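First the structure, in the form of structure tokens, and then the observations on it.
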Amino acid sequence: MSAEISSPDTVRPIIWHDDRLRLLDQRLLPGMVEYLDFGNAADVAKAINQMVVRGAPAIGITAAYGVVLAARAAYRKDPEEWRTALQSDLDTLAQSRPTAVNLHWALQRMQSLFNKIKGNPEPALLREALTIHEEDIAANRHMGALGAALIADCRQVLTHCNTGSLATGGYGTALGVIRSAWQAGTLEMVYASETRPWLQGARLTAWELQQDNIPVTLIADSAAGFLLSRGKVKWVVVGADRIAANGDIANKIGTYGLAVAARHHGVQMMVVAPASTFDLQTMTGADIPIEDRGPDEILRCAGKPTAPEGIAAWNPVFDITPAALIDVIVTEKGVIHRPDRHKIAAIIQ
Ligand code: MRU
């Protein structure tokens, strides 16, 4: 085993530093590694909306730190009525992106402390945000071990989007499983799909795996079906932005097509997501809001037009994969084979 294999997790997208929130600007990767500092909640919400930070668990953690900044400003404005004063910041954070339920989960968890706090809310809220952040990394490591055990006989996997340290507090969900399998010495190589139009696979997953010396081969999204038909890849391993009560999942656009192709070719489909990604109030995938980021991401690449001026484009950035196409969901609370409403309810409260 090489020295690199023993430390495969070096990237951290979210850092609380010097009383401010520091985010790795993912819009600039892989060309530039630059952190931006944030001192107020409105700017944090804008950073989530504009994808400075992205990935469901990372959005939730960032929003939790956003609540700390909102509470600081509200307490300075009105030490008695800070709970009322921060309400508009909470609403702005909640509306920053629609699909990842981790955002609402984190905001609710922070809000559930409000009534227990006496005096300045910042220390208690910061402790909670740091705990959410640490728990996410711990959950990812645990899911990594659970998922890696399931793919122990698999030399190559395909992943989609970026589900790594960049998309979480650290370590990653689907990419955490891949890290763990690499570390265990069972996995030889990862195929990453480019993930048009924002190129999370090409720009982020390829960069993150390269930082940690995990071999990666990039494919165009349109090559995935052919890859699966060749029989070398036995598992597709992806994350999720929201999992409905019946096990349908919302994830990056293209996941559904991968699941259909995987089932057709006898390839197994693994979804890796922490409990904070489950939304048991939402009964099926049909009820999950899907973000549409507008035509520009389709019509331009790095600012340059890639289609004729004036053409229409549709850009839903997530899709729904029905539970019936998922072989296993890996959570930190355990593994759910052939997920359905009852198995999910038994594991996720
Ligand atoms: O639009 P993004 O980049 O925020 O979408 C991210 C994804 O779809 C990920 O697959 C998902 O959040 C799981 S990440 C651990």
Side-chain angles (χ1 to χ4, degrees), residues 9 11 13-14 23-27 29 47-63 96-106 133 136-137 139-144 147 158-179 192-208 221 236-243 249-259 269-279 285 288-294 297-298 315-321 326 329-332:
D9 179 28
V11 175
I14 307 165
L23 298 175
L24 176 57
D25 190 346
Q26 300 191 28
R27 298 168 305 179
L29 290 170
I48 294 172
N49 178 266
Q50 296 182 352
M51 317 250 299
V52 170
V53 63
R54 32 62 53 200
I59 291 171
I61 294 162
T62 300
S96 55
R97 283 193 79 188
T99 303
V101 78
N102 309 61
L103 171 67
H104 305 285
W105 172 87
H133 195 163
D136 184 66
I137 299 173
N140 290 340
R141 288 187 179 278
H142 188 46
M143 292 190 296
L158 170 63
T159 192
H160 187 54
C161 195
N162 172 269
T163 61
S165 291
L166 286 169
T168 62
Y171 204 74
T173 56
L175 224 55
V177 167
I178 287 166
R179 265 179 220 293
S193 47
E194 279 183 304
T195 319
R196 281 275 294 149
W198 210 74
L199 299 177
Q200 284 92 335
R203 298 193 305 102
L204 308 181
T205 299
W207 179 79
E208 183 175 331
D221 295 342
V236 176
V237 186
V238 297
D241 283 77
R242 195 183 291 225
I243 303 179
I249 69 140
N251 192 47
K252 181 52 55 193
I253 191 76
T255 304
Y256 171 56
L258 290 178
M269 189 78 188
M270 178 189 291
V271 175
V272 188
S276 56
T277 303
F278 285 77
D279 176 6
I288 299 177
I290 298 294
E291 180 178 12
D292 185 329
R293 290 190 71 84
E297 289 179 354
I298 306 265
N315 185 20
V317 300
F318 299 99
D319 58 24
I320 302 295
T321 300
I326 297 167
I329 301 181
V330 175
T331 81
E332 77 276 31

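What you are looking at is a predicted structure, and each value in this text was computed from that prediction instead of being measured. All ligand and atom numbering here is 1-based and tracks the order in the structure.
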Sub-3.5 Å N/O-N/O distance, P57 and ligand 1: no
Nitrogen or oxygen of R54 less than 3.5 angstrom from that of ligand 1: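 Between R54 and ligand 1 (N or O atoms, distance only) the closest approach is under 3.5 Å.
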Atoms of ligand 1, numbered as shown, that sit under 4.0 Å from any heavy atom of [X]:
| X | answer |
| --- | --- |
| R97 | 1 (O), 2 (P), 4 (O) |
| Q200 | 1 (O), 2 (P), 3 (O) |
| F318 | 1 (O), 5 (O), 8 (O) |
| A167 | 14 (S), 15 (C) |
| T173 | 15 (C) |
| K252 | 1 (O), 2 (P), 5 (O), 8 (O) |
| T168 | 15 (C) |
| A56 | 12 (O) |

Note, T163 side chain near K252 side chain (heavy atom, < 4.5 Å):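 In short, these two side chains do not touch, never coming nearer than 4.5 Å.
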Any T321 side-chain heavy atom under 4.5 Å of Y256 side chain: yes
Just by distance, with hydrogens left out, do [X] and [Y] show a side-chain donor and acceptor under 3.5 Å apart?
| X | Y | result |
| --- | --- | --- |
| D241 | T99 | no |
| N162 | R54 | yes |
| N49 | S96 | no |

Any N251 heavy atom less than 4.0 Å from ligand 1: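 Yes, that is the case, since the closest heavy atom of the residue is under 4.0 Å from the ligand.
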Close approach, A240 and ligand 1, non-hydrogen under 4.0 angstrom: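 Under 4.0 Å: yes for A240.
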Gap separating the CD atom of Q200 from the CD atom of E208, nearest 0.5 angstrom: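 Taking CD in Q200 and CD in E208, the distance rounds to 12.5 Å.
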Geometric cation-pi criterion, R179 with Y171: 6.0 Å, 45°: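 The answer is yes; both the distance and angle limits are met.
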Identity and distance of the protein heavy atom lying nearest atom 7 (C) of ligand 1: D241 OD1, 3.2 Å
Ion pair check, R141 and D9, cut-off under 4.0 Å: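 Yes.
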Salt-bridge criterion met for R242 and D279 (N-O under 4.0 Å):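 Looking at D279 together with R242, the answer is yes, because their closest N to O distance falls below 4.0 Å.
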